[in-house]
2 protein chains.
Amino acid sequence: MVRMALDLDVDVVQLTEDLVNIESVSGAEQEVADAVEAALRACAHLEVQRFGHTVVARTHLGRDERVVLAGHLDTVPLNANLPARRDGTALHGLGACDMKGGVAVALKLAATLTEPNRDVTYLFYECEEVEAERNGLQKLATSDPDLLEADFAILMEPSDGVVEAGCQGTLRVDVHTRGVRAHSARSWTGVNAIHGAGEVLGRLNAYEPRRPVIDGLEYREGLNAVFISGGVAGNVLPDACTVSVNYRFAPDRSVEEAYAHMREVFDGFEMELSDSAPAAMPGLGVPAAAAFVEAVGGKANPKFGWTDVARFSGLGIPAVNFGPGDPHLAHRQDEFVPLEQVTTCERQLRAWLGGAEA
Amino acid sequence: MVRMALDLDVDVVQLTEDLVNIESVSGAEQEVADAVEAALRACAHLEVQRFGHTVVARTHLGRDERVVLAGHLDTVPLNANLPARRDGTALHGLGACDMKGGVAVALKLAATLTEPNRDVTYLFYECEEVEAERNGLQKLATSDPDLLEADFAILMEPSDGVVEAGCQGTLRVDVHTRGVRAHSARSWTGVNAIHGAGEVLGRLNAYEPRRPVIDGLEYREGLNAVFISGGVAGNVLPDACTVSVNYRFAPDRSVEEAYAHMREVFDGFEMELSDSAPAAMPGLGVPAAAAFVEAVGGKANPKFGWTDVARFSGLGIPAVNFGPGDPHLAHRQDEFVPLEQVTTCERQLRAWLGGAEA
């Protein structure tokens with residue numbers, strides 16, 4: 001096996017292409033993590049540590065402020081979309097958008113900004129695209145939370161080069177209706193649990209989701225059935241039906257508050273929590289965050305989907321998403337990243353961190 | 001392998017027990033059909049024919065009227081409920097209720113009524129408990145319909161010893177709702193197909209089933225969801241949901257009329273027929289049927305469930321269910337038949353067919 005070595009002297013677009021060409025589906029990040037680690041260990045101004053396939057590199061310049069630049073190394077499964085292919089304006093291939101463009105920017109800055117105006121913790125982690133317990137950032141937050149300490153964090157997920165602040169939370173509840181089985185030829189002797197679910201769907205249809213404004217950003221909640229199932233046999237009244245409901249809630253609600261709200265909405269029904277993840281406040285009132293937004297164009301959008309910024313938020317660290325690539329292209333076979341967004345992103349972050357023009 | 005020979009000289013209760021002890025799960029009726037065929041071939045007054053594991057035995061006395069006595073030889077799967085066990089009042093075991101009690105009565109009459117006042121076609125058939133295309137009666141109706149010609153048919157399914165007339169029809173439709181997939185974090189960009197099914201359930205909940213009176217019998221229709229399914233992933237608005245609805249309809253409606261009614265009920269929804277079986281008119285106005293009801297006590301109940309009487313009805317032959325055993329015990333592990341019902345059933349049919357007291 002020929003191991004790829006990463007040359008951090010190439011330009012950020014070439015570096016993105018090189019990273020895309022190191023296949024790194026979740027769980028198979030050994031090679032890319034080895035290459036990232038080796039390249040960073042060559043930089044005298046960085047302290048480098050390795051945890052599984054997660055690599056942490058830090059400056060220690062005694063600055064007043066410390067910021068995190070973070071990106072995951074893994075991709076969703078291969079889908080006949082490697083190796084990378086470049087056209088005049090974009091780089092195509094697995095992970096180009098989500099998120100090797102952002103990783104390339106962070107790596108390039110790590111190697112070349114020997115004296116940033118803020119201390120920086122660069123974080124390249126494994127298994128973001130799979131279940132939470134394998135997530136490298138989550139593992140590090142549990143095992144070595146001090147390594148994540150910072151005044152502000154930038155998660156370099158694709159955000160079309162515009163700051164996306166905070167993120168909405170998510171929870172899923174299973175709402176159950178019960179009945180009494182009976183032969184459908186004598187249906188008056190039973191109680192149909194699927195018919196009972198009509199009221200659950202009625203409440204969902206009548207529900208008016210909130211659109212709260214937080215730190216000047218308008219969030220949009222949503223309440224949706226994502227699964228429904230019931231039935232025993234073609235000639236039997238079913239005695240059970242389950243509606244799985246996904247509530248996406250704005251950052252002004254905790255998971256507990258969101259769950260309590262579900263209890264109100266489905267009052268009278270048997271219900272259980274099956275899954276949850278907290279929201280993250282946009283935190284744009286924090287000086288470091290406000291300064292960053294100002295430095296990269298003054299614009300911020302609310303983040304509707306859930307991302308790892310919530311993990312920083314859970315540690316009390318304000319965090320935003322900011323990276324090259326259209327987030328709607330993530331996980332698509334034809335994902336790509338515009339070359340101009342990669343270079344602009346690098347230039348903006350370099351300027352913010354006090355670096356000279358490249 | 002020791003083959004059971006059936007002795008038709010024993011009393012009808014013993015004959016029921018002997019039949020139960022010949023295991024005959026659907027598809028494995030060879031042994032019981034061989035025994036029935038051999039016993040009937042010993043009767044000089046019967047013409048006996050064999051089709052697969054279906055046995056037909058007919059008198060040819062030139063009577064004005066011909067009647068069918070029919071019963072299926074198969075049972076549902078074994079469930080640790082063999083061999084037969086007799087207590088003071090009942091015979092227990094697989095098939096005791098559904099329907100070897102009825103088969104024993106018909107066999108006993110076939111062997112002993114050498115000169116019935118009506119010509120009789122005795123029909124012992126295979127595979128009633130499985131899919132329609134294996135059903136011995138259905139096969140015979142297709143291959144040799146002349147063998148089923150009669151003025152009246154009695155299907156000796158368990159009916160608690162009371163005539164159950166006609167049967168309701170059944171059809172199943174799949175009602176589909178469609179939507180547009182979207183990430184549940186941005187639900188306003190999609191259309192939720194499960195939410196769309198709320199209207200389908202609403203119509204089911206508002207539906208008032210008919211209770212038409214036909215030939216003096218009150219039928220009860222029913223309209224019920226028997227399956228519901230929808231969902232793509234826990235974070236995706238589903239683009240499809242299907243509600244399977246079972247309509248049980250009274251004998252005054254054809255399958256076509258029943259389906260047209262479903263079209264009305266679910267007007268505006270995509271819908272397809274997945275399954276249907278016609279109803280059977282009670283036919284109690286036909287002289288042969290009226291005389292039979294009178295002969296066995298004057299009482300008749302409507303049959304709500306679907307049975308093979310509909311196959312006779314489809315051939316233009318009025319038919320009723322009449323046999324020993326509680327129909328609610330059919331297919332239960334603990335099924336049994338009351339001894340008194342078996343002997344009463346034999347006595348009543350014997351008297352109706354002009355036989356002497358046993």
Side-chain angles (χ1 to χ4, degrees), chain A residues 167-170 172 182-190 192-207 209 211 220-238 241-248 274-275 303-307 327-328 330-331, chain B residues 167-170 172 179 182-190 192-207 209 211 220-238 241-248 274-275 303-307 327-328 330:
Chain A
C167 78
Q168 296 200 127
T170 179
R172 215 163 65 227
H183 195 291
S184 63
R186 289 175 291 275
S187 53
W188 55 93
T189 65
N192 191 319
I194 294 177
H195 293 196
E199 170 68 13
V200 175
L201 300 187
R203 292 190 195 178
L204 287 169
N205 277 314
Y207 188 80
R211 298 174 69 159
R220 289 184 74 163
E221 298 195 336
L223 186 66
N224 276 277
V226 289
F227 291 108
I228 190 166
S229 66
V232 174
N235 60 353
V236 174
L237 264 69
C241 182
T242 298
V243 187
S244 292
V245 177
N246 185 208
Y247 178 36
R248 297 285 174 149
S274 71
D275 198 17
K303 180 70 181 174
F304 298 120
W306 193 91
T307 79
H328 295 97
H331 301 190
Chain B
C167 78
Q168 296 199 129
T170 179
R172 215 162 68 228
H183 195 293
S184 62
R186 289 176 291 275
S187 54
W188 55 93
T189 65
N192 191 318
I194 294 177
H195 292 197
E199 170 67 14
V200 176
L201 300 187
R203 292 190 195 179
L204 287 169
N205 278 313
Y207 188 81
R211 299 174 69 158
R220 288 185 74 163
E221 297 195 337
L223 186 66
N224 276 276
V226 289
F227 291 107
I228 190 166
S229 66
V232 174
N235 60 353
V236 174
L237 264 69
C241 182
T242 298
V243 187
S244 292
V245 176
N246 184 209
Y247 177 36
R248 297 286 174 149
S274 71
D275 197 18
K303 181 70 180 173
F304 297 120
W306 193 91
T307 78
H328 295 97

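Convention: sequence-line order gives letters A, B, ...; per-chain numbering from 1. All heavy atoms count here, side chains included; hydrogens, waters and symmetry mates do not.
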Given a strict heavy-atom distance threshold of 4.5 Å, which part of B:Ala197 is in contact with chain A: side chain, backbone, both, or neither?
both
Name the option with the most non-hydrogen atom pairs under 4.5 Å to chain B; the candidates are A:Gly202, A:Gly234, A:Pro238.
A:Gly234
Name the region of B:Cys241, side chain, backbone, both or neither, that has any atom closer than 4.5 Å to a heavy atom of chain A.
side chain
Pairs of heavy atoms under 4.5 Å with chain A: top-ranked of B:Arg172, B:Glu199, B:Glu221, B:His195
B:His195
Below 4.5 Å, heavy atoms only, C-beta onward: do B:Leu201 and B:Ile228 meet side chain to side chain?
yes
For chain B, which candidate among A:Leu204, A:Val243, A:Val226 shows the most heavy-atom pairs at distances under 4.5 Å?
A:Val226
Residue B:Asn224 versus chain A: region with a heavy atom under 4.5 Å:
both
Chain A contact via B:Arg186 - which portion, at a heavy-atom distance below 4.5 Å:
side chain
Contact class of B:Ser244 relative to chain A, heavy atoms under 4.5 angstrom
neither
Listed partners of A:Phe304 passing ring-ring contact (aromatic ring centres under 6.0 Å, His included), at least two apart
B:Trp188
Highest number of heavy-atom pairs under 4.5 Å with chain A: which of B:Gly198, B:Ala225, B:Gly231, B:Gly196?
B:Ala225
Can you say whether B:His183 sits under 4.5 Å from chain A via the side chain, the backbone, both, or neither, judging by heavy atoms?
side chain
With chain A, the option among B:Gly222, B:Cys167, B:Ala233 that has the most non-hydrogen atom pairs under 4.5 Å is B:Ala233
Side chains of B:Arg248 and A:Ser184: is there a donor and an acceptor less than 3.5 Å apart?
yes
Proximity breakdown for B:Asn235 and chain A, heavy-atom pairs closer than 4.5 Å:
both
Assert top hit (heavy-atom pairs under 4.5 Å, partner chain A, pool B:Ser229, B:Ser187, B:Gly230, B:Ser274) equals B:Gly230
